[in-house]
> 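Let me begin by handing over the structure; questions about it come next.
Only heavy atoms go into these numbers, but all of them, side chains included; no hydrogens, no water, no symmetry mates.
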Amino acid sequence: NCYLTWKKFDIALGQYKHVLDLEPNHVKAHFQIGNIAFMQKKYDKARSWLKQAQKLDPDFIKAYELLGQIDFLENKLDAAAENWLKVVNHQPKNVRALKILGDIMLKKGDYDAALPYYTEVLALNPDNAVVHNNIAAIYAQNNNIKKAIQHYQRAISLKPDYADAR
């Protein structure tokens, strides 16, 4: 892992492949090779290694998270949502996963589906300015101006320099 931190990908990759030579079904080695490919923006290669990690251990949540990130970056929103839903099913209070699901629904234009995810984020972390701003945008889109203003004001009170909320 030190080699990953130092971005010495070739050395890290060599070590993880050596682990797989010794233990071909080592889930974390498959995941880390996928992670290296992700960091190098080689998403197809990353996806292949991550899916192998999932196959070996269907409950290995980090693989779903990284696949969800790849799918989101590639604008494969349905696949991204599917991966992040698996994260939330295993970790219902995962604020990051809930927020990303809200972001996916917002990006798809499905405001009614985004709102419950964002509301859950605020239940767990009421001081999230970005989520307050996103909820405000949803309310504004639905012509609920009073609630939109309340959430915009909350976003600005939490982060006074937050340009998106102005």
Side-chain angles (χ1 to χ4, degrees), residues 1-2 4-7 27-28 30-43 46-47 49-51 53-54 56-166:
N1 282 340
C2 291
L4 288 180
T5 303
W6 299 330
K7 298 192 186 302
V27 175
K28 290 182 181 176
H30 283 277
F31 171 79
Q32 289 296 4
I33 293 171
N35 189 30
I36 291 167
F38 172 77
M39 289 188 276
Q40 295 175 321
K41 298 185 184 337
K42 297 176 182 175
Y43 298 139
R47 185 177 279 110
W49 285 101
L50 295 168
K51 285 190 179 282
Q54 284 179 323
L56 293 169
D57 182 359
D59 293 326
F60 191 70
I61 298 305
K62 288 182 177 185
Y64 293 100
E65 290 176 333
L66 203 48
L67 281 166
Q69 281 185 265
I70 292 168
D71 291 332
F72 188 80
L73 290 169
E74 293 183 333
N75 209 35
K76 297 175 181 175
L77 300 179
D78 290 334
E82 184 178 319
N83 281 303
W84 286 107
L85 277 169
K86 288 178 183 172
V87 174
V88 169
N89 287 339
H90 280 84
Q91 301 170 346
K93 294 184 180 192
N94 185 320
V95 171
R96 179 172 177 250
L98 290 163
K99 182 193 173 297
I100 291 172
L101 279 165
D103 293 346
I104 291 167
M105 297 305 145
L106 192 64
K107 192 170 183 179
K108 288 174 68 171
D110 192 346
Y111 305 117
D112 292 336
L115 193 56
Y117 292 117
Y118 288 143
T119 302
E120 184 62 22
V121 169
L122 290 184
L124 299 167
N125 179 11
D127 294 335
N128 190 316
V130 173
V131 171
H132 278 287
N133 183 68
N134 291 353
I135 289 175
I138 292 169
Y139 283 132
Q141 185 70 30
N142 291 334
N143 289 319
N144 190 335
I145 304 306
K146 183 178 178 182
K147 283 189 175 185
I149 290 170
Q150 289 171 345
H151 281 279
Y152 281 131
Q153 287 175 336
R154 181 70 175 135
I156 292 168
S157 74
L158 291 168
K159 193 173 178 186
D161 61 338
Y162 190 44
D164 285 352
R166 294 194 175 272

> What are the two closest heavy atoms between Val88 and Ala97, and how far apart are they?
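In terms of heavy atoms, the two residues are closest at CG2-CB, 3.6 Å.
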> Okay, side chain of Asn125, backbone of Val121: is any donor-acceptor separation there less than 3.5 Å?
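Not at all, since once roles are kept as given, no pair shorter than 3.5 Å links the two residues.
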> Are Leu101 and Val87 packed together at the side-chain level, in the sense that at least one heavy-atom pair is separated by less than 4.5 angstrom?
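No, side chains not in contact.
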> So, taking the atom named CG in Asn94 and the one named CD in Glu120, what distance separates them when rounded to the nearest 0.5 Å?
11.0 Å
> What closest approach, in Å, do Ala155 and Ala129 show between heavy atoms, and which atom pair accounts for it?
CB-O, 3.4 Å
> Report yes if some heavy atom in the side chain of Gln54 is under 4.5 Å from a heavy atom in the side chain of Leu67; otherwise report no.
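SC-SC contact between Gln54 and Leu67 confirmed.
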> Measuring from atom CG of Asn142 to atom CG of Asp112, what distance do you get when rounded to the nearest 0.5 angstrom?
6.0 Å
> Provide the closest heavy-atom pair for Lys99 versus Tyr118 in the form atom of the first, atom of the second, distance.
O-CE2, 3.7 Å
> Determine yes or no for a side-chain-to-main-chain donor-acceptor pair under 3.5 angstrom, with Asp57 supplying the side chain and Ala53 the backbone.
no
> Checking side chain to side chain contact (heavy atoms under 4.5 Å, CB included) between Gln69 and each of Tyr64, Tyr43, Trp84, which is the one that passes?
Trp84
> Looking at His90 and Lys86, would you say the former's side chain and the latter's main chain have a donor-acceptor pair under 3.5 Å?
yes
> Could you grab the distance from atom CD1 of Ile135 to atom CD of Gln150, nearest 0.5 Å is fine?
11.5 Å
> Does Asp78 reach the side chain of Lys108, with side-chain heavy atoms less than 4.5 Å apart?
yes
> Output the distance between atom CD1 (Ile61) and atom CG (Asn89), rounded to the nearest 0.5 Å.
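Result: 8.5 Å between the selected atoms.
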> Rounded at 0.5 Å granularity, tell me how far NE2 in His151 sits from CD in Gln153.
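Going from NE2 on His151 over to CD on Gln153, the span is 11.0 Å.
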> State, yes or no, whether a side-chain contact exists between Gln32 and Trp49 at a heavy-atom distance under 4.5 Å.
no
> Report the distance from atom CG of Leu50 to atom CZ of Phe38, rounding to the nearest 0.5 Å.
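Result: 9.5 Å between the selected atoms.
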> How close do Ala148 and Ala140 get, counting heavy atoms only, and between which atoms?
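Ala148 and Ala140 have their closest heavy atoms at CB-N, 3.6 Å.
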> Return the minimal non-hydrogen interatomic distance between Arg154 and Pro126, and the atom names on each side.
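Heavy atoms only, the tightest pair is NH2-O, 3.9 Å.
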> Under a 4.5 Å cut-off applied to non-hydrogen side-chain atoms, are Tyr139 and Leu115 in contact?
yes
> Report, as yes or no, whether the 6.0 Å neighbourhood of atom NZ on Lys107 holds more than 12 heavy atoms from other residues, nucleotides or ligands.
yes
> Below 4.5 Å, heavy atoms only, C-beta onward: do Leu73 and Asp71 meet side chain to side chain?
no
> Kindly give the heavy-atom pair with the smallest separation between Ile138 and Ala114, and that separation in Å.
CD1-CB, 3.8 Å
> Do the side chains of Val130 and Asn134 get nearer than 4.5 Å, heavy atoms only?
yes
